[in-house]
Structure formats: C-alpha cells, structure tokens
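As structure tokens, the structure follows; a few thoughts come after it.
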Amino acid sequence: MADSPSKAACPCPHTRALRDVDSEIADLIAAEERYECDTIRLIPSENYVSMAVLAATGSIFANKYSEGYASKRYYEGQVYVDQVEKLAIARACALFGVEHANVQPYSGSPANMAACFAVLRPGDTVMGLGLPFGGHLTHGWNVNFSGMLYRAVQYELDPETHRIDLDRVRDAARRERPKAIFCGGTAYPRLWDFAAFRAIADEVGAVLIADIAHVAGLVAAGAHPSPVPHAQIVTTTTHKTLRGPRGAMILCGADLAKAVDRAVFPTLQGGPHNHTTAAIAVALKEAATPEFRAYGRQIVANAKALAAALAARGYRLVSGGTDNHLLLIDLSDRPYTGKDGAQALSRAGLIGNYNTVPFDKRKPFNPSGIRLGTPAVTSRGMQTEHMEQIAAWIDTVLANIEDAGRIAAVKEEVREFCGGFPTPGILIGNGRKPRS
Ligand code: DSN
C-alpha cells in the first residue's frame with residue numbers, strides 16, 4: 001500500500017491501536033483518507049463529517065444494546081444511552097420544529113420502510129416520484145419492498161421542463177387514491193413545494209411523507225423550504241447535506257409518534273446503533289449554528305455557480321440548472337454515456353456518479369446523465385469562484401475522454417488544487433491539519 005503512515009505518525013491512540021491489531025485495515029483507512037484529500041468529491045449525497053462527529057461515531061456507545069426507547073428498554077445499564085438518545089431527539093425536534101423524532105433508523109431505506117409501516121397496510125396504494133426521474137427506490141419502485149408490499153404508483157416529471165408538474169401529480173392522486181404520497185428524491189435539482197403536495201394529499205385522504213434525505217442540511221440552514229408543518233411524516237438520512245454519521249431519522253407530530261416508534265422497533269429493527277445516535281446528536285448541534293446556516297447557503301450558491309459554468313461550456317442540464325445542492329448533466333446528445341463520462345472524471349480525481357436523466361433512452365446501468373453536487377466541496381471551504389475551475393476540468397476531461405495523458409494531467413492539477421482546501425475530520429493526508 002503506497003503512502004501508508006508510519007506508526008510514529010499515527011496521531012491518536014485509536015489509530016495506533018488499530019495499526020497494532022490490523023495494519024491492513026489501518027492502511028486502507030489511511031489510503032482512503034489520502035484519496036478523500038486528493039480528489040474533488042462531487043457526489044451530492046456525500047460529505048465530510050467533522051472530527052467531533054467521527055469521535056462520537058467511533059465511541060464506546062458501540063458497546064451497548066438498547067432495544068426499546070429511553071426509560072423503556074429491554075436491557076439494563078441505559079443511564080447514559082438514554083441521555084444520548086433524549087439529547088438527539090430534543091435537538092432534532094428543535095432544529096426542524098417538530099413534536100417527535102425517532103433517531104433509531106439504521107439508514108434512509110429502513111426509515112422509509114418504517115414510515116410506510118406506520119401508516120400503510122400491505123396492499124395499500126403508495127405514490128412517489130419514479131426512480132428514473134430522480135425519486136428513490138423506497139418510494140414505490142418495483143424491485144423494492146415499497147413496490148412489492150404495496151400497490152405502487154409512480155409519477156413522472158414534465159417532459160419539457162423536467163420539473164414536477166403538480167397537475168399531473170394531482171390527476172394521478174385523484175385517479176389512484178393512494179394512502180400515502182412520497183415527495184422528495186435523490187436526483188431532483190429543484191425545490192419541492194411541500195404545501196402543494198399536502199393539498200393534493202388532503203384532497204385524496206393520503207398521508208404526505210416528505211423524504212428530505214438530500215436536502216435536510218439545506219432545510220436546517222434555511223436554504224430550502226421546510227416540509228414542516230406540511231408533511232405528516234418527514235424522513236431523512238443524517239449523512240448527506242446534514243453532515244452527520246450514516247443514519248436516519250423520522251420526524252412527525254405527536255399524533256403519529258406511537259405508530260412511527262412501533263414501526264421502527266419492534267416491527268423493523270432491533271437494537272439501535274447508540275454510537276450513531278451520539279454522532280447524530282453532535283451533528284444536530286453543529287447544524288444549529290450560524291456557521292452551518294452559512295454553509296447551507298454556500299452549498300446552493302456553489303451548485304448554481306457550477307451549473308452556470310457548465311452551461312456556459314455547452315452542457316445541457318436537467319431542468320436547465322439547480323435550486324439546491326445538485327445538478328444533472330444530460331449527455332443524451334453525446335457519443336459517450338454518463339457512465340463513460342463519470343468514469344473518465346473519476347480517473348481525473350473528479351468524483352461524481354452516473355445517473356439516469358428524465359425519459360432516458362439508455363439503460364440505468366449505462367445511462368445518459370452525470371449527477372454532481374456541492375455539499376462536500378463546500379465543507380472544504382470552496383467558494384463560487386472555484387466552481388469555474390471545476391467546470392473547466394470537467395469540460396477538459398469530457399472533451400478528451402479517450403486521452404489518458406490529458407486526464408492524468410488534470411488529475412495532477414486537481415491534486416495540487418485540493419492541497420489548498422483542508423478536509424474536515426481527516427488528520428492524515430499531505431500533512432494537512434483538520435479544519436474542525
Ligand atoms: N444512495 C443515495 C444517493 O446517492 O442519493 C440515495 O439513497
């Protein structure tokens with residue numbers, strides 16, 4: 001393994017202990033740290049957590065079993081675990097302005113499954129944005145539990161604007177009479193009109209579930225409209241724009257608290273991951289600061305700047321641009337696919353992901369789009385002026401997709417550039433100091 005740090009260079013007891021026990025994993029972590037330092041992370045669902053979040057994630061709360069909820073556990077010895085979970089819940093409620101939060105879901109898909117279990121019975125109709133249009137597997141896609149347990153109906157985007165067409169959503173809801181409607185997605189670059197979705201849900205007697213996994217940090221920062229009080233249930237992961245550990249939360253009013261809690265435990269899950277809960281609490285504390293509000297606004301400003309710089313270079317963007325943290329380059333008119341493009345960018349240290357575009361004529365495993373986002377670069381302190389440079393590199397790579405020499409040259413420039421932007425939470429890597 002190249003560049004593995006010597007034992008003497010290991011900065012903390014945890015790292016030293018790991019190296020003593022398992023140098024293979026220690027080397028891989030060190031290599032990943034360097035990789036995360038030396039590349040530009042443009043996957044919109046990824047971020048860099050702070051050292052504080054990492055410390056809680058790696059803490060001894062991983063040792064404890066805690067089935068149940070605070071003060072109602074099936075194991076003894078919960079005095080500190082209960083306090084951690086109560087803190088996480090209180091912070092989530094305060095940050096998002098809700099009456100109840102469940103912080104135990106292991107990740108986004110289990111959170112959405114629990115939300116469905118809370119309000120649906122098998123065979124009920126559920127409606128969501130189709131996966132190829134930027135929805136999520138758990139919003140009713142046929143190979144997922146949500147399309148297997150329930151009668152799933154999927155809405156599409158407007159074929160011209162590639163935006164949500166509320167009239168179509170309303171027509172579909174009137175026709176199909178869903179019991180629950182999902183709004184939110186993974187590759188939709190525009191704002192969600194939660195109030196309008198609630199009006200549609202109310203008209204047909206459906207529960208509105210807002211999945212804000214992608215934009216939770218923007219919502220917390222005031223950089224995206226909040227689904228509260230419109231959606232009866234809000235689900236979110238905690239590790240995307242919210243910049244916490246890999247986990248999830250379900251937010252709701254007091255009226256649905258019992259049903260949501262029961263759906264998470266005992267219906268779906270066993271013991272909560274208490275170390276993750278501790279780290280969620282830390283991330284929520286960080287997200288309540290003025291610095292985080294500025295961070296959220298900067299993510300959006302950077303995404304808009306990146307979109308504008310790409311559009312100026314002739315790239316077609318789904319819906320023409322972005323209102324949030326992500327954008328989708330539409331390469332339908334190019335001789336290469338989104339996968340070819342994303343792989344070439346990756347070789348240059350520009351890490352995005354290939355993605356379908358609305359009404360894609362190519363297959364999902366080799367689609368026409370590249371999905372990019374700015375949460376991680378913004379965490380490194382990059383500003384709108386740096387997006388111009390990133391767009392220029394993207395253009396150089398895509399215009400020279402077969403030219404290994406040009407791509408290698410960009411990779412070196414990217415590595416140099418990255419040296420000016422410390423990576424939060426990472427001690428090792430080009431001798432940089434952590435930002436936080
Ligand atoms: N995998 C997530 C994303 O990248 O958007 C969604 O679950």
Side-chain angles (χ1 to χ4, degrees), residues 36 39-49 105-116 126 128-147 152 154 157 182-192 209-219 224 227 233-250 268 276 280 283 299-300 303 306 318-319 322-329 338-339 341-343 345-346 350-358 360 364-365 367-379:
E36 292 194 10
T39 53
I40 298 181
R41 314 186 79 197
L42 292 163
I43 293 175
S45 47
E46 292 185 353
N47 213 327
Y48 296 95
V49 297
Y106 298 143
S107 202
S109 292
N112 282 343
M113 194 172 195
C116 288
V126 65
L129 177 62
L131 184 64
F133 295 92
H136 190 253
L137 280 168
T138 53
H139 299 179
W141 194 239
N142 57 2
V143 296
N144 180 261
F145 84 87
S146 55
Q154 304 274 266
L157 299 178
F182 272 99
C183 59
T186 63
Y188 186 63
R190 297 297 178 178
L191 302 181
W192 289 86
I209 305 173
D211 177 345
I212 61 164
H214 265 259
V215 295
L218 304 185
V219 171
H224 187 289
I233 298 182
V234 177
T235 62
T236 182
T237 50
T238 47
H239 48 268
K240 298 186 176 90
T241 48
L242 196 54
R243 213 163 55 177
R246 303 194 79 85
M249 304 190 294
I250 305 177
L268 185 57
T276 301
I280 289 173
I299 291 175
V300 177
L306 183 58
V318 169
S319 83
T322 183
D323 294 326
N324 58 25
H325 62 302
L326 70 84
L327 47 125
L328 267 176
I329 305 178
K339 189 173 187 173
Q343 290 179 342
L345 291 174
S346 177
L350 299 156
I351 316 299
N353 67 274
Y354 59 87
N355 211 96
T356 53
V357 296
D360 207 326
F365 198 59
S368 300
I370 299 177
R371 189 181 67 151
L372 303 174
T374 53
V377 294
T378 308
S379 288

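Nothing fancy with the numbering, it's 1 onward along the sequence. For ligands, and for the atoms within them, numbers begin at 1 and follow the listed sequence. In this text the structure is predicted, and so the values were computed from the model without any measurement. Quick note: numbers below take in every heavy atom, side chains included, and nothing from hydrogens, waters or symmetry partners.
- For the side-chain hydrogen bond (donor to acceptor under 3.5 Å, both in side chains) criterion with Asn353, the lone passing option out of Arg371, Glu46, Lys339 is Arg371.
- Shown in contact with His214 at under 4.0 Å from a heavy atom are these atoms of ligand 1, numbered in order with element: 3 (C), 5 (O).
- Atom 1 (N) of ligand 1 has Ser45 OG, 4.8 Å as its closest protein atom, hydrogens excluded (heavy atom only).
- At a 4.0 Å heavy-atom cut-off, ligand 1 does not touch Glu46 at all.
- Looking at His325, His136, His224 one by one, the single match for side-chain hydrogen bond (donor to acceptor under 3.5 Å, both in side chains) with His214 turns out to be His325.
- Among all non-hydrogen protein atoms, the one lying nearest atom 7 (O) of ligand 1 is His136 NE2, 2.9 Å.
- With contacts defined as side-chain heavy-atom distances shorter than 4.5 Å, the pair Val318/Pro358 qualifies.
- His139 and Phe182 have parallel rings, their planes meeting at less than 30° on a 0 to 90° scale where 60° marks the start of perpendicular.
- Expressed to the nearest 0.5 Å, how far CZ of Arg246 lies from OG1 of Thr237 amounts to 8.0 Å.
- For the pair Lys240 and ligand 1, the shortest N or O to N or O distance does not fall below 3.5 Å.
- The Arg371 neighbourhood of ligand 1 comprises atoms 3 (C), 4 (O), 5 (O), with distances under 4.0 Å to a heavy atom of that residue.
- Taking distance alone, with nitrogen or oxygen atoms compared against 3.5 Å, Thr186 stays at or beyond that limit from ligand 1.
- Contact of the Met113 side chain with the Pro105 side chain is not registered, since no non-hydrogen atoms from C-beta on lie closer than 4.5 Å.
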